[in-house]
Asker: 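If you scroll down you'll find the structure; I have some questions about it.
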Amino acid sequence: MLTDGLTPVYREDDELVGYLRPAGAGWQPLTVFGYPLGEPVPAEDAIAELKARGLACLADRWSVYWPSDGCWYSCRIAETGPGWVRVAVHDYGAPDFGATATFEHPGRDRLRPG
C-alpha cells in the first residue's frame with residue numbers, strides 16, 4: 001500500500017495534501033497519489049512544499065505516456081487517491097482525445113508535469 005512508511009501531511013482544514021517519504025538525510029514530498037514533487041529536503045521545507053503545491057499541482061497540465069501508440073499527450077488529472085490517479089487525455093492531436101486511464105503508482109515513465 002502506498003501509505004506504508006509514509007507520513008501524511010494535512011492542511012489546516014484537515015485536507016490531505018500529500019505525503020513525506022524518508023530519503024537519506026531528508027524527506028521527499030509526494031502528491032496524494034505518490035508522485036515526487038521535488039528532491040529530498042529538510043522536513044520543514046518538504047511540508048511547506050506540500051502545503052503550497054500538493055493540491056494545486058493536481059489542477060496543472062500533465063503529460064501521459066499513452067501505451068497504445070507510444071506517444072506523450074497532454075492530460076488533466078480527473079481523479080486521484082492514495083497510490084492511483086485517473087487522467088483524461090486533453091491533447092487535440094491524440095487519437096484517443098478525451099479518453100481516460102487509471103494508473104497505480106505512476107512514475108516519470110508514465111506521467112510527468114507539463
Side-chain angles (χ1 to χ4, degrees):
M1 179 171 197
L2 170 73
T3 57
D4 291 346
L6 302 181
T7 302
V9 176
Y10 298 90
R11 283 191 316 210
E12 295 73 27
D13 63 357
D14 292 328
E15 181 76 23
L16 178 68
V17 295
Y19 296 95
L20 297 179
R21 174 173 50 205
W27 295 85
Q28 185 170 36
L30 305 172
T31 65
V32 294
F33 59 92
Y35 195 89
L37 275 181
E39 297 303 316
V41 293
E44 302 79 30
D45 296 341
I47 291 169
E49 180 75 9
L50 285 173
K51 288 184 176 181
R53 292 188 46 229
L55 293 182
C57 76
L58 301 179
D60 292 344
R61 185 173 304 260
W62 289 72
S63 294
V64 62
Y65 180 78
W66 209 248
S68 64
D69 64 359
C71 293
W72 286 91
Y73 294 110
S74 177
C75 69
R76 297 287 185 171
I77 293 176
E79 190 177 4
T80 186
W84 63 272
V85 63
R86 179 172 300 126
V87 299
V89 176
H90 200 256
D91 190 321
Y92 290 114
D96 294 329
F97 177 80
T100 63
T102 302
F103 304 108
E104 291 187 18
H105 309 288
R108 290 184 170 114
D109 61 334
R110 172 67 56 158
L111 189 66
R112 61 186 180 201

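Computed from a predicted structure; not experimentally measured.
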Asker: Between Arg11 and Leu55, is a side-chain contact (heavy atoms from CB on, under 4.5 Å) present by the stated rule, with each step listed?
Answerer: CA-CA 10 Å; Arg11 283 191 316 210; Leu55 293 182; 3.6 Å; yes
Asker: Indicate yes or no for a side-chain donor-acceptor contact from Tyr35 to the backbone of Leu111 under 3.5 Å, with no hydrogens or angles considered.
Answerer: yes
Asker: Does the Lys NZ or Arg CZ of Arg21 fall within the cation-pi geometry relative to Trp27 - under 6.0 Å from the ring centre and within 45° of the axis?
Answerer: no
Asker: Evaluate the side-chain proximity of Leu20 to Leu6: yes if any heavy-atom separation is below 4.5 Å, no if none is.
Answerer: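 When only atoms from C-beta onward are counted, Leu20 and Leu6 do not touch, as no gap falls below 4.5 Å.
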Asker: So which heavy atom on Leu37 is nearest to which on Cys57, and how close?
Answerer: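 Between these two residues, the closest heavy atoms are CD2-SG, 3.9 Å.
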Asker: How many angstroms lie between CG in Asp14 and CD in Glu12, if you round to the nearest 0.5 Å?
Answerer: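 Result: 9.5 Å between the selected atoms.
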Asker: Quick check against the 3.5 Å criterion: does Glu49 have a side-chain atom that pairs as donor or acceptor with the backbone of Gly38?
Answerer: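 A pair under 3.5 Å: no.
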Asker: Rounded to the nearest 0.5 Å, what separation is found between the OG1 atom of Thr31 and the OH atom of Tyr19?
Answerer: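 Those atoms lie 9.5 Å apart.
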Asker: Which atom names give the shortest non-hydrogen contact between Leu30 and Leu50, and what distance separates them?
Answerer: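 Heavy-atom minimum between the residues: O-CD2, 3.3 Å.
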Asker: Does a sphere of radius 6.0 Å around CD in Glu39 hold more than 12 heavy atoms from other residues, nucleotides or ligands, not counting ones at 6.0 Å or beyond?
Answerer: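 At most 12 heavy atoms, drawn from other residues, nucleotides or ligands, come within 6.0 Å of this atom.
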Asker: Please step through side-chain contact (heavy atoms from CB on, under 4.5 Å) for the pair Phe33 and Trp84, ending with a clear verdict.
Answerer: CA-CA 5 Å; Phe33 59 92; Trp84 63 272; 5.8 Å; no
Asker: Please tell me whether Arg86 and Thr100 have a donor and an acceptor in their side chains that are separated by less than 3.5 angstrom.
Answerer: no
Asker: Taking atom types as modelled and ignoring hydrogens, do the side chains of Asp69 and Tyr65 form a donor-acceptor contact shorter than 3.5 angstrom?
Answerer: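 Per modelled atom types, Asp69 and Tyr65 side chains form no pair under 3.5 Å.
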Asker: Could you tell me which non-hydrogen atom of Ala46 sits nearest to which non-hydrogen atom of Val41, and how far apart they are?
Answerer: N-CG2, 3.5 Å
Asker: Can you name the nearest heavy-atom pair linking Pro106 to Phe103, along with the distance?
Answerer: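 Here Pro106 and Phe103 meet closest at CD-O, 4.0 Å.
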Asker: May I have the step-by-step check of side-chain contact (heavy atoms from CB on, under 4.5 Å) for Trp66 and Val64, ending in yes or no?
Answerer: CA-CA 6 Å; Trp66 209 248; Val64 62; 3.9 Å; yes
Asker: Could you walk me through whether Val89 and Val87 pass side-chain contact (heavy atoms from CB on, under 4.5 Å), step by step?
Answerer: CA-CA 7 Å; Val89 176; Val87 299; 5.8 Å; no
Asker: Minimum heavy-atom separation for Pro22 and Gly5, please, with both atom names.
Answerer: CD-O, 3.7 Å
Asker: Can you measure from OG (Ser63) to CZ (Arg112) and round to the nearest 0.5 angstrom?
Answerer: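 If I round to the nearest 0.5 Å, the distance is 5.5 Å.
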Asker: Quick one: pull up CG in Leu58 and CZ in Arg76 and give me the separation to the nearest 0.5 Å.
Answerer: 12.0 Å
Asker: Quick one: pull up SG in Cys75 and CZ in Phe97 and give me the separation to the nearest 0.5 Å.
Answerer: 12.0 Å
Asker: Roughly how far apart are Asp91 CG and Asp96 CG, rounded to 0.5 Å?
Answerer: 11.0 Å
Asker: Considering all heavy atoms of both residues, which atom of Trp72 and which atom of Arg110 are nearest to each other, and what is their separation?
Answerer: CZ3-O, 3.6 Å
